[in-house]
Number of protein chains: 2
Amino acid sequence: MPEIHPDPFVALFFEAGIINQIGTTFLEKRLSDGLLASHFGVVNHLMRVRDGATPLELARAFQVPKTTMTHTLAGLEKHGFVQMRPNPDDKRSKQVWLTDAGRAFRDETLAAVGPIFAEIARRFDRKDAEDILPTLTAFRQMIDQLRDEMD
Amino acid sequence: MPEIHPDPFVALFFEAGIINQIGTTFLEKRLSDGLLASHFGVVNHLMRVRDGATPLELARAFQVPKTTMTHTLAGLEKHGFVQMRPNPDDKRSKQVWLTDAGRAFRDETLAAVGPIFAEIARRFDRKDAEDILPTLTAFRQMIDQLRDEMD
DNA sequence: GTGTTTTGGTTCGATATCGCACCATTTAGT
DNA sequence: ACTAAATGGTGCGATATCGAACCAAAACAC
């Protein structure tokens, strides 16, 4: 099943879909309770990009509808991983802050998936991955922009 | 929000997730009724890779659980886009065959998304996409293999 | 300043996704 | 052949996802 695509852009979307699917499965197999890849994604983002982000910023970062983010955040709050506070700059808005439990959750998850990434590094040339990354990121930014222009 | 990743493999999964998300949204905005990207994906696969594939083959091609594929196929059948027939080689199994309506659905959808890909091609160097594709595909194949070895 | 529009967020309902348990058939072991 | 294990598929239940409608606050008219 070679899955030959006439258009490289179509192929890009296809490969992204499969990689995402497999990556999500990898991650969720290592998570307990009712925790999902989306939960980890948000916690990770808060830790590495900006703690105290607003729900809408998070929704945009992951390109999901804001209703989806509301739901994900409710789950994180129920687990005690984040705390929602009012946004001092805008009374409509909120801020999402990590708790110690949230940081611990992130560390544990990273530890749990560590072996997978170690195995991936064993099987795939790290430099090859680094080489394609700038182009892939540029592509993502471009369609991101295109999406913004379309509503 | 630069979203800097320490590990290029992590970054690959991240970019794949966003690209998949945006691509799915692009596609589904152009679909009517209750039709989803997953429906189009299956029909497209049947047309371009192998008509008469079994449900399990399809599930593996898209790396989704077989229950998900059962559900997707039920939707396609309800729309009259595919027909399920018993597999003559294995009485447990089935074959999924496209109908004329299914082929028409695929053509209409391709026409509907055509302008998006035209715009993408206007904004991104096709050669750049072609250049990274082999590495991206190799990466996908590797994690695909890794996943198989892990259950 | 008052009315209009935009923006941040939630509620609600429909349905997609997926794990678990199950059945039927096929394959493997001996 | 006969049992055990593996495989293809479905039913069911829980929950994630997402669009539509909504509310409140903010930004923009003028």
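Worth saying up front: this structure is predicted, and the values here are computed from it rather than measured. The sequence lines fix the lettering, A, B, ..., with proteins before strands; numbering per chain opens at 1.
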Between B/Glu57 and B/Thr54, is there a donor-acceptor pair closer than 3.5 Å when you use the side chain of the first and the backbone of the second? yes
Can you tell me if B/Thr25 uses its side chain to pair, donor with acceptor, with the backbone of B/Gln21 under 3.5 Å? yes
I need the [atom1]-[atom2] distance between [X] and [N], as an integer number of Å.
{"X": "A/Ile22", "N": "C/dC18", "atom1": "CD1", "atom2": "P", "value": "13 Å"}
{"X": "B/Glu57", "N": "D/dG9", "atom1": "CD", "atom2": "C1'", "value": "14 Å"}
{"X": "B/Leu73", "N": "C/dT17", "atom1": "CG", "atom2": "P", "value": "11 Å"}
{"X": "B/Gln95", "N": "D/dG8", "atom1": "CD", "atom2": "C1'", "value": "13 Å"}
{"X": "A/Leu35", "N": "D/dA14", "atom1": "CG", "atom2": "C1'", "value": "15 Å"}
{"X": "A/Leu27", "N": "D/dA16", "atom1": "CG", "atom2": "C1'", "value": "15 Å"}
{"X": "A/Phe62", "N": "D/dC18", "atom1": "CZ", "atom2": "C1'", "value": "17 Å"}
{"X": "B/His79", "N": "C/dT15", "atom1": "NE2", "atom2": "P", "value": "10 Å"}

Is there a side-chain contact between [X] and [Y] (heavy atoms, below 4.5 Å)?
{"X": "A/Leu35", "Y": "A/Phe40", "value": "no"}
{"X": "A/Ile120", "Y": "B/Met142", "value": "yes"}
{"X": "B/Val42", "Y": "B/Met69", "value": "yes"}

By nearest nucleotide on DNA chain D, pick out whichever of A/Leu36 and B/Thr25 is the more 5' one. A/Leu36
Start at the 5' end of DNA chain D and walk down; is the nucleotide closest to A/Lys91 or to B/Thr54 reached first?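 Looking at the nearest nucleotide for each, B/Thr54 comes out on the 5' side.
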With a 4.0 Å cut-off on N to O distance, would you call [X] and [Y] a salt bridge?
{"X": "A/Arg103", "Y": "A/Asp100", "value": "yes"}
{"X": "A/Glu149", "Y": "B/Arg123", "value": "yes"}
{"X": "A/Lys127", "Y": "A/Asp125", "value": "no"}

Does a side chain donor of either A/Thr99 or A/Gln83 reach within less than 3.5 Å of an acceptor in the other side chain? no
B/Gln21 vs D/dC18: side-chain N/O to OP1/OP2 distance below 4.0 Å: yes
Quick note, A/Val64 side chain, CB onward, closest among D/dC18, D/dA25, C/dT25 is D/dC18
Tell me which residues in residues 65-72 of chain B put a heavy atom below 4.0 Å from DNA chain C, sorted by number, or none.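 Going residue by residue through residues 65-72 of chain B, the ones with a heavy atom under 4.0 Å of DNA chain C turn out to be B/Pro65, B/Thr67, B/Thr68, B/His71, B/Thr72.
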Here the residues of residues 81-90 of chain B within 4.0 Å heavy-atom distance, strictly under, of DNA chain C are B/Asp90
Given DNA chain C, 5'-ward residue of the pair A/Glu28 and A/Arg92, judged by closest heavy atom: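 Its nucleotide being nearer the 5' end, the pick is A/Arg92.
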Across the strands shown, which category fits A/Gly34 at heavy-atom distances under 4.0 angstrom: base, sugar-phosphate, nothing? sugar-phosphate
